[in-house]
Amino acid sequence: MNTLFEITTDIRLLEELLENANDQDQEQTILDFLADSQTNLQEKVDNYVELIQELQARATARKERAKQLQELARSDENKARRLKTLLQTHLQSLEIKRLDTPRHRITLANNGGKAPLILREDLNVEALPQRFQKIELDTTAIREAIEAGDEEALEIAHLGQRGQSIRIK
């Protein structure tokens with residue numbers, strides 16, 4: 001049995017022969033072979049689609065399992081974080097900055113990097129000077145303006161072509 005790609009190549013070659021066929025016998029031979037190739041093509045495509053669907057089902061199952069494992073990992077991380085916070089609070093209350101145990105060395109140290117920036121709760125962002133604000137594009141408004149034929153919007157952007165995809169039912 002031919003592969004999908006061999007069948008596709010055969011079909012293209014037969015189409016060329018069909019265009020150049022002069023006598024009725026040659027044309028019928030080509031048509032018969034083409035019909036056989038079409039049958040094989042349908043069978044091959046059916047098998048390929050079955051494989052695609054099997055891989056998609058496996059991927060879905062693995063994603064679900066990964067989601068379960070991620071939830072378990074997140075739970076463990078939260079428990080570890082709570083335990084570390086409680087240990088830190090306890091060592092701070094005892095004013096212990098370093099503690100050596102048989103298996104571990106625990107040190108309370110100040111965090112490095114930039115000091116945290118704490119904004120006032122009543123801060124009005126619009127009232128701040130421009131240098132403290134960011135401007136973001138409103139791509140939805142730009143798209144709507146282009147679709148409406150707005151010349152100004154067409155000077156800064158355009159809509160691209162949609163791609164293609166295979167849909168399997």
Side-chain angles (χ1 to χ4, degrees), residues 1-20 31 34-35 37-89 92 107-169:
M1 180 172 267
N2 293 333
T3 67
L4 180 62
F5 298 109
E6 290 169 340
I7 291 169
T8 303
T9 302
D10 288 347
I11 289 171
R12 287 195 179 127
L13 290 172
L14 286 171
E15 286 173 350
E16 260 182 59
L17 289 174
L18 185 57
E19 288 176 11
N20 299 325
L31 289 173
L34 184 59
S37 294
Q38 290 274 355
T39 303
N40 289 340
L41 177 65
Q42 288 176 344
E43 184 180 326
K44 282 289 184 187
V45 169
D46 190 55
N47 290 335
Y48 273 71
V49 169
E50 194 64 29
L51 177 61
I52 289 167
Q53 290 178 336
E54 180 182 328
L55 291 170
Q56 288 173 329
R58 188 183 319 158
T60 300
R62 287 179 172 172
K63 283 179 187 177
E64 184 60 34
R65 182 62 181 143
K67 183 179 167 186
Q68 292 170 350
L69 290 172
Q70 200 162 19
E71 287 173 7
L72 290 171
R74 196 173 308 120
S75 174
D76 288 345
E77 287 172 342
N78 289 338
K79 289 174 188 174
R81 193 176 308 113
R82 272 196 314 259
L83 290 172
K84 281 177 70 174
T85 301
L86 288 171
L87 179 60
Q88 180 178 347
T89 302
Q92 285 170 335
T107 305
L108 288 178
N110 291 330
N111 294 334
K114 296 179 181 179
L117 179 64
I118 302 168
L119 300 174
R120 289 190 349 230
E121 290 182 28
D122 64 342
L123 186 66
N124 180 0
V125 175
E126 290 82 22
L128 292 174
Q130 283 296 123
R131 66 188 181 123
F132 297 134
Q133 296 183 35
K134 284 186 180 180
I135 297 174
E136 292 187 30
L137 291 176
D138 185 349
T139 56
T140 302
I142 294 171
R143 176 182 300 280
E144 289 170 357
I146 289 172
E147 289 171 348
D150 184 316
E151 290 296 323
E152 187 178 32
L154 289 168
E155 290 178 15
I156 61 171
H158 69 278
L159 299 178
Q161 295 293 321
R162 289 188 177 107
Q164 288 186 330
S165 63
I166 275 188
R167 293 190 177 118
I168 299 172
K169 295 181 180 182

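Computation of the quantities below employed the complete heavy-atom set of this structure, encompassing side-chain atoms and omitting hydrogens, waters and symmetry-equivalent molecules.
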Spacing of E64 atom CD and L69 atom CG [to the nearest 0.5 Å]: 10.5 Å
Test salt bridge (Lys or Arg N to Asp or Glu O under 4.0 Å) applied to R58 - qualifying residues, sequence neighbours left out: E54
Considering all heavy atoms, the nearest A157-I142 contact: CB-CG2, 4.1 Å
Rounded distance [0.5 Å steps], CG in L137 versus CD1 in I156: 7.0 Å
Q92 side chain near Q88 side chain, heavy-atom distance below 4.5 Å: yes
E71 atom CD: more than 12 heavy-atom contacts under 6.0 Å: yes
N111 atom CG, neighbour heavy-atom count above 12 within 6.0 Å: no
Gap separating the CD atom of E50 from the CG atom of L55, nearest 0.5 angstrom: 10.5 Å
Side chain to side chain contact (heavy atoms under 4.5 Å, CB included) involving Q161 - partner list, sequence neighbours excluded: none
Side chain to side chain donor-acceptor pair (under 3.5 Å): pairs with one or both residues in residues 131-159, sequence neighbours excluded: none
Qualifying residues under salt bridge (Lys or Arg N to Asp or Glu O under 4.0 Å), relative to R65, sequence neighbours excluded: none
CD-NZ distance between Q70 and K63, expressed to the nearest 0.5 angstrom: 13.0 Å
Set of residues satisfying salt bridge (Lys or Arg N to Asp or Glu O under 4.0 Å) with respect to D122, sequence neighbours excluded: R120
Residues that R81 engages under side-chain hydrogen bond (donor to acceptor under 3.5 Å, both in side chains), provided they are two or more places apart: N78
